[in-house]
Amino acid sequence: MLTKYCTKGCDAGLLRLKEEIVSTLAPLVGMTTTEVESYLEIPPDPDMGEYAFPCFVLSRRLKKSPKDISADLARQIKPVGLLGKTLSSGPYLNFYVHRPALAAAVLGEALGKGQSYGFLSEGEGQTVLIDYSAPNIAKPFGVGHLRSTVIGSSLYRLYGALGYRVVGINHLGDWGTQFGKLITAFRHWGEEALLEKDPVQYLFQLYVRFHKEAETNPELDDEARQRFRQLEKGDAEAVRIWEHFRELSLEEFRRLYDFMGISFDLYQGESFYNDMLAGTIELAREKGLAKESEGALVADLEPYGLPSCLLQKKDGAALYITRDLSAAIYRYEKYRFSKLLYVVGSEQTLHFKQLFKILELMGFPWAKDCLHVPFGLIRFKEGRMSTREGNVIFLEDVLDRSIGLAGSIIQEKNPDLKDKQTAAHAVGLGAVIFGDLVNDRIKDVEFDWDSVLDFSGETAPYVQYAHARICSILRRAGRDPSPGGDLPQKEEPTFLPSEGDFAEPEEQQLLITMSRFSEQIKRAAVELKPSMLAHYLINLARDFNKFYHACPVLTADEESKNARLMLIQGVRIVLRNGLGLLGIPAPEEM
Ligand code: ARG
């Protein structure tokens, strides 16, 4: 019985091999382990081993040709732990894993840990704050907010999987001059019943109407300014209406987040910082950063190659950036974060450059730990969705649409499925999330329903389908594929991989790919690119499909059958945990 697996963070598939290589190589070549690690590559072809070290980086230091260095080292390095053979190939040193040892370690660990398999503990004791989603009250969830929500919550999960304490913050746009406009509009044309019925949509309509009417009736603008001033002064009536709008909108946002399986540790919108703004402005003045200009306060950033920015308007009102300054200072005081990530569209790049520069000039050394995680635009290929109100989408429409389409595909593919609704939800939601995350974050995305729901494309349904297929094989073999069934069951035959197991190339490839899970989690988190994990999952699903076509499971001889069941159970765990890190459910049937 395979019971020997590490309990926390010490066994991580090929990462362990990597560590073994690094610690063997470092003293032999006179480098630090970090240096060696930075040079290790994953070879393009599995025949070249699992890792390769380019010896030309040593030739100056050792005064020998890369080829000779590689040959010497290959002779010196003996198999140990997960490290099988080490071969010299021209200037490269290629490291090969010992497959039976890997199979025992990885499958034992996967089945032992189940839901937490692949997760590491290197972030323990450190806190990462992630500011994401942040929709604006009275303006519907924009496309940018959808991307921020999906990317941000995946980074949240990825950092959690590295053992960090993660705090997710929703910096709601719940303050600003638009509330003067809304209060004005509501007093002129508002109807309470319509507001209660669909607050986000209705407030948006009021906002649009305000702008239209103000074109011919400029007095409305004056009134809006006055109303906002009342609000800032704490006028009871204005505050009451504002709170009411805020509460109703928040309720609606929460409903959508719940539906998407997303949550936040804190809802701290812009208004949360109102009584800290004076202190922030005072600090900026003390540091000589806030210069008076025609009654307003400006931070002069020109010496740093950035446009100057307004910190306070003539009428005393603070701005978006002032609230962000207060928020950052407050967050550091409270959490002593080692990283503060802002997942916000690339159109705000300048804003964040200015924000971080001012923090640095204020003398905060942690300003360097604040990071803008920008992303490109998303465009819906189908006109109707994108043009309803300019660049506005209604998140609910997108989700309904996706789940509806997923439902019809499932109906067609698997008419006998019992719980079609759960499957349609999982597939529809997954398609939207994966359809976003699979793209390079920075690039603009063209969102096309046919491609995100294509069961054979680079999509959530493709990965989910591989997972469901494995569950079905496991069920037919009489094993329990459900999450509780992750633990090896007593009545299951004992399995210890022998030299002969996993001899087929498709089996080997599948084992190796699944063993790279932790490594991929780490890369995706460190590079802030959930797309890396998305692509990894596609590769794993693809390797599973190749395996499935080449290697029978249920009809194989008893020994191969047991080995293969163990392998696909491990793959299932990785697929499910990996999808989970992207925020996507993995149904057992679909
Ligand atoms: N509400 C803002 C917007 O919709 C995004 C806020 C992002 N977070 C921040 N701390 N600035 O543009």
Side-chain angles (χ1 to χ4, degrees), residues 128-153 155-156 166-179 181-182 200 203-204 207 242 245-246 249-250 252-254 256-257 262 264-274 276-277 280 299 309-311 318-335 337 339-359 362 364 366-367 369-378 389-395 441 528:
V128 174
L129 264 53
I130 310 188
D131 176 322
Y132 63 106
S133 196
N136 300 314
I137 282 170
K139 298 186 199 160
F141 224 85
V143 280
H145 299 118
L146 173 59
R147 292 212 74 188
S148 172
T149 306
V150 164
I151 296 168
S153 62
L155 291 175
Y156 181 93
V166 196
V167 182
I169 307 175
N170 197 329
H171 189 78
L172 290 171
D174 64 357
W175 199 255
T177 46
Q178 77 266 30
F179 285 93
K181 296 176 185 171
L182 279 173
V200 167
L203 287 173
F204 179 58
Y207 189 71
W242 168 76
F245 290 169
R246 186 182 187 275
S249 305
L250 206 55
E252 170 114 12
F253 290 140
R254 278 190 217 261
L256 284 170
Y257 291 135
I262 283 168
F264 296 86
D265 298 296
L266 302 168
Y267 281 87
Q268 277 171 354
E270 295 186 41
S271 67
F272 181 78
Y273 305 98
N274 278 346
M276 303 172 208
L277 300 173
T280 302
C309 72
L310 213 53
L311 296 178
L319 290 103
Y320 179 52
I321 195 160
T322 328
R323 288 188 280 272
D324 255 333
L325 285 166
S326 297
I329 297 168
Y330 170 84
R331 290 169 183 175
Y332 189 76
E333 288 295 310
K334 179 124 184 158
Y335 296 101
F337 53 76
K339 256 192 198 94
L340 165 54
L341 307 178
Y342 294 87
V343 186
V344 185
S346 47
E347 69 284 354
Q348 292 193 30
T349 299
L350 178 59
H351 166 78
F352 286 104
K353 279 193 181 149
Q354 292 171 318
L355 175 65
F356 303 157
K357 191 46 136 191
I358 298 174
L359 289 169
M362 281 177 159
F364 295 116
W366 46 262
D369 303 317
C370 298
L371 221 68
H372 177 208
V373 183
F375 50 81
L377 280 175
I378 198 168
E389 294 289 350
N391 186 30
V392 158
I393 48 140
F394 290 83
L395 179 59
R441 188 162 49 66
L528 304 165

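Here the structure is a predicted model, which is why all the values come from computation and not from measurement. One-based numbering, in listed order, for ligands and for the atoms of each.
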Next on the checklist: Closer than 4.0 Å to some heavy atom of Y342 - which atoms of ligand 1 meet that?
Outcome noted: 10 (N)
Checklist entry - Which atoms of ligand 1 are found less than 4.0 Å from any heavy atom of F352? => result 11 (N)
Is there a donor-acceptor pair under 3.5 Å between the side chain of [X] and the backbone N or O of [Y]?
| X | Y | result |
| --- | --- | --- |
| W175 | F272 | no |
| S346 | P374 | no |
| S133 | S148 | no |

Checklist entry - Is H145 near ligand 1, meaning one of its heavy atoms is under 4.0 Å from it? => result yes
Item to check | Partner of F337 under ring-ring contact (aromatic ring centres under 6.0 Å, His included), chosen from Y330, Y332, F364 | outcome: Y332
Of all the non-hydrogen atoms in the protein, which one sits nearest to [atom], and at what distance?
| atom | answer |
| --- | --- |
| atom 1 (N) of ligand 1 | N136 OD1, 2.8 Å |
| atom 8 (N) of ligand 1 | D131 OD1, 3.1 Å |
| atom 5 (C) of ligand 1 | Y320 OH, 3.5 Å |
| atom 12 (O) of ligand 1 | Q348 NE2, 2.8 Å |

Item to check | N170 and Y257 side chains, donor-acceptor separation under 3.5 Å | outcome: yes
Next on the checklist: Are the side chains of R246 and F179 in contact, using a 4.5 Å heavy-atom criterion?
Outcome noted: no
Checklist outcome for this item: Ranking I169, L355, V344, D324 by closest non-hydrogen atom to atom 10 (N) of ligand 1, top hit is D324
Checklist entry - Is there a ring-ring contact (aromatic ring centres under 6.0 Å, His included) between Y132 and F264 once you walk through the steps? => result CA-CA 9 Å; Y132 63 106; F264 296 86; 4.7 Å; yes
Checklist entry - Side chain, backbone, both or neither: which part of L172 comes within less than 4.0 Å of ligand 1 when only heavy atoms are counted? => result neither
